[in-house]
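A short write-up of the structure that comes next.
Bear in mind that the values here come from a model prediction, so they are computed numbers and not experimental data. Heavy-atom basis, side chains included; hydrogens, waters and symmetry copies ignored.
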Amino acid sequence: MTKSGDSSVEAELSSPGAGVPTLPQPVRGDRVRPGGGSSFHSMWRELLPVGRHPDSRGYRRFAWTGADAECRDWFREQAEGRGLGYEVDRNGNQWAWLGDPAAGNAVVTGSHLDSVPDGGAFDGPLGVVSSFAALDELRARGAGFTRPLAIVNFGDEEGARFGLACVGSRLTAGHLTVEQAHRLTDGDGITLPQAMAAAGHDPDAIGPDPERLARIGAFVELHVEQGRALDLSGDQVGVASAIWPHGRWRFDFRGEANHAGTTRLVDRRDPMLSYAETVLAARREAELAGAVATFGKIAVEPNGVNAIPSLVRGWLDSRAADQATLDTVVGGIEKAAREYAEAHGIDLAVVRESFTPVVEFDHALRDELGRILGRDTGLTVPVLGTGAGHDAGILSGSIPTAMLFVRNPTGVSHSPAEFAAEDDCVAGVEALADVLEGLACA
């Protein structure tokens with residue numbers, strides 16, 4: 001994979017300071033063009049404004065909201081415009097089928113369309129748009145399909161609204177029970193079933209979907225890289241090796257609310273102090289272990305400027321290359337937090353809210369992707385691990401899965417500054433088309 005420049009109109013449209021694009025919207029007949037490169041640009045420009053916040057310039061495409069509905073409508077239109085069979089499964093995931101799903105051994109590609117709060121344009125949507133564009137490329141090549149092909153949009157991958165990532169794929173694979181799903185609530189107290197029902201989906205239908213998984217012979221997810229490994233190596237596209245083990249832990253520091261102006265420092269039971277010291281401890285533990293640890297979300301009660309908090313609740317996200325290292329990091333953070341809490345007279349509760357063990361992608365499928373992509377060039381395709389979770393990782397225990405990464409020159413993700421150059425995106429489309437042709441065509 002050769003390195004190339006990163007000039008494009010897409011750079012202007014997706015840079016953090018750019019406004020919502022004012023390019024003319026393509027008419028319906030212009031949405032599907034022959035060849036993956038041209039159709040990618042058309043689809044990308046059409047999807048780009050959906051859910052973009054005018055102030056942050058980031059995206060707020062949260063599950064079962066209006067912006068999510070617009071994204072889902074866009075997906076359905078793309079499927080129907082290409083004459084694909086369209087369906088929504090019991091868990092709200094969208095599918096576009098070429099060929100008979102019942103035939104089995106299908107090759108599936110796709111990703112998700114939702115976002116983190118004020119996220120970037122590429123995380124998730126790049127994979128979905130590239131999947132449709134890759135199909136267009138294969139049709140332009142006159143490829144003959146010997147296996148069914150499907151494109152999927154998994155629902156609620158980011159977990160921005162209900163606090164749990166990959167809800168759609170977790171439900172499908174049976175990693176999330178119906179009872180657990182029904183207990184999920186958003187910040188306004190709305191439950192997942194209530195949100196699904198309001199969006200027109202039957203929440204009583206959700207649950208494991210082994211019959212659907214049995215139809216799939218391979219799942220390949222294309223994703224923007226959430227790091228700089230490809231930029232440093234000079235490659236446009238890479239293949240994933242594994243997903244680091246990772247999880248989310250909630251730390252509840254409980255003290256005593258009091259007046260900020262009249263309470264002596266020595267008389268305070270201020271949970272904010274213990275929380276702040278724990279944040280610094282997380283950084284130290286992660287640095288020592290070569291891992292990552294982040295307190296990125298906080299809730300404070302009563303949350304008044306002139307009030308000492310009674311409760312500080314912080315959420316820890318931690319990831320490491322292996323399980324033993326992750327256990328060491330999180331154990332060290334909790335030990336430090338308990339010492340700080342005891343010193344300040346604070347009660348502490350630590351709850352693990354979610355956890356995903358290390359995911360090794362199917363070695364045979366991974367090696368086949370490398371062989372396909374290096375077949376005509378003779379180049380070795382880079383293989384790299386990632387600290388980010390994905391639907392492909394959730395499904396890996398049930399079906400063979402693999403991932404392609406597209407270069408991100410800044411390494412920034414989950415931010416409006418997330419970026420991939422136009423020629424790298426097109427290279428990703430071509431790579432995905434080559435992979436799908438190698439797997440699903442004669």
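- Taking the centre of each ring, Phe62 and Phe162 stay at or above the 6.0 Å mark.
- No side-chain donor-acceptor contact under 3.5 Å links Asp68 and Thr65.
- Under the 3.5 Å distance criterion, the side-chain polar atoms of Arg170 are matched with a main-chain donor or acceptor of Ala165.
- Side chain of Arg215 to backbone of Ala106: no donor-acceptor contact under 3.5 angstrom is found.
- A donor atom on one side chain and an acceptor atom on the other are not found under 3.5 Å apart for Asn408 and Glu418.
- Distance alone, capped at 3.5 Å, places no donor-acceptor pair between the Ser415 side chain and the Val412 backbone.
- Between Leu439 and Glu368 there is a side-chain heavy-atom pair separated by less than 4.5 Å.
- Aromatic ring orientation, Phe405 versus His390: tilted (interplanar angle from 30° to 60°).
- Looking at Pro125 and Trp44, their side chains come closer than 4.5 Å, going by heavy atoms from C-beta outward.
- Partners of Phe361 by ring pair (Phe, Tyr, Trp, His ring centres under 6.0 Å), not counting sequence neighbours: none found.
- The aromatic rings of Phe154 and Trp95 sit perpendicular to each other, their planes meeting at more than 60°, with 30° as the lower class boundary.
- The shortest distance between side-chain heavy atoms of Asp114 and Trp64 does not fall below 4.5 Å.
- Arg319 places a side-chain N or O within 3.5 Å of a backbone atom of Gly387 that can act as its donor or acceptor partner.
- In summary, the side chains of Glu353 and Trp315 do present a donor paired with an acceptor at a separation below 3.5 Å, with no hydrogens or angles considered.
- The shortest side-chain heavy-atom distance between Thr172 and Pro208 does not fall under the 4.5 Å cut-off.
- In this structure, a donor-acceptor pair under 3.5 Å is present between the side chains of Thr109 and Ser131.
- Ring orientation note: the planes of Phe251 and Phe295 are nearly perpendicular, at an angle over 60° on the 30°/60° scale.
- Here the side chains of Asp100 and Pro148 are not in contact, with every heavy-atom distance at 4.5 Å or above.
- Residues Arg60 and Arg161 have side chains not in contact (no heavy-atom distance under 4.5 Å, counting atoms from C-beta outward).
- None of Leu369, Val239, Val108 except one satisfies the side chain to side chain contact (heavy atoms under 4.5 Å, CB included) rule with Val220; the exception is Leu369.
- Judged purely by atom type and a 3.5 angstrom limit, Ser396 uses its side chain to pair as donor or acceptor with the backbone of Gly393.
- Using modelled atom types, no side-chain atom of Asp188 and backbone atom of Ile190 make a donor-acceptor pair closer than 3.5 Å.
- Although no hydrogens or angles enter the test, the distance criterion places a donor-acceptor pair under 3.5 Å between the side chain of Gln194 and the main chain of Thr191.
- Scanning both residues, Val381 and Gly238, for their nearest heavy atoms gives CG1-CA, 4.1 Å.
- A salt bridge is absent between Arg407 and Glu225; no separation between the charged side-chain nitrogens and carboxylate oxygens falls under 4.0 Å.
- At distances below 3.5 Å, at least one donor-acceptor pair connects side-chain atoms of Asp322 with backbone N or O atoms of Ala324.
- Within the 3.5 Å criterion, the main-chain N or O of Arg90 finds a donor-acceptor partner in the side chain of His201.
- Under the 4.5 Å side-chain criterion, counting only non-hydrogen atoms from C-beta, Arg250 is not in contact with Val350.
- Among all heavy-atom pairs drawn from Leu47 and Cys71, the shortest one is CD1-SG, 4.3 Å.
- For the pair Arg248 (side chain) and Gly163 (backbone), a donor-acceptor distance under 3.5 Å is present.
- Taking the side chain as every heavy atom from C-beta outward, Thr386 and Met403 never approach each other to under 4.5 Å.
- Taking a cutoff of 4.0 Å between a charged side-chain nitrogen and a carboxylate oxygen, Asp136 and Arg139 do not qualify as a salt bridge.
- At a cut-off of 3.5 Å, with distance as the only test, no side-chain donor of Ser111 or Asn153 sits close to an acceptor on the other residue.
- Between the side chains of Asp123 and His414, a donor-acceptor pair is found at a separation under 3.5 Å.
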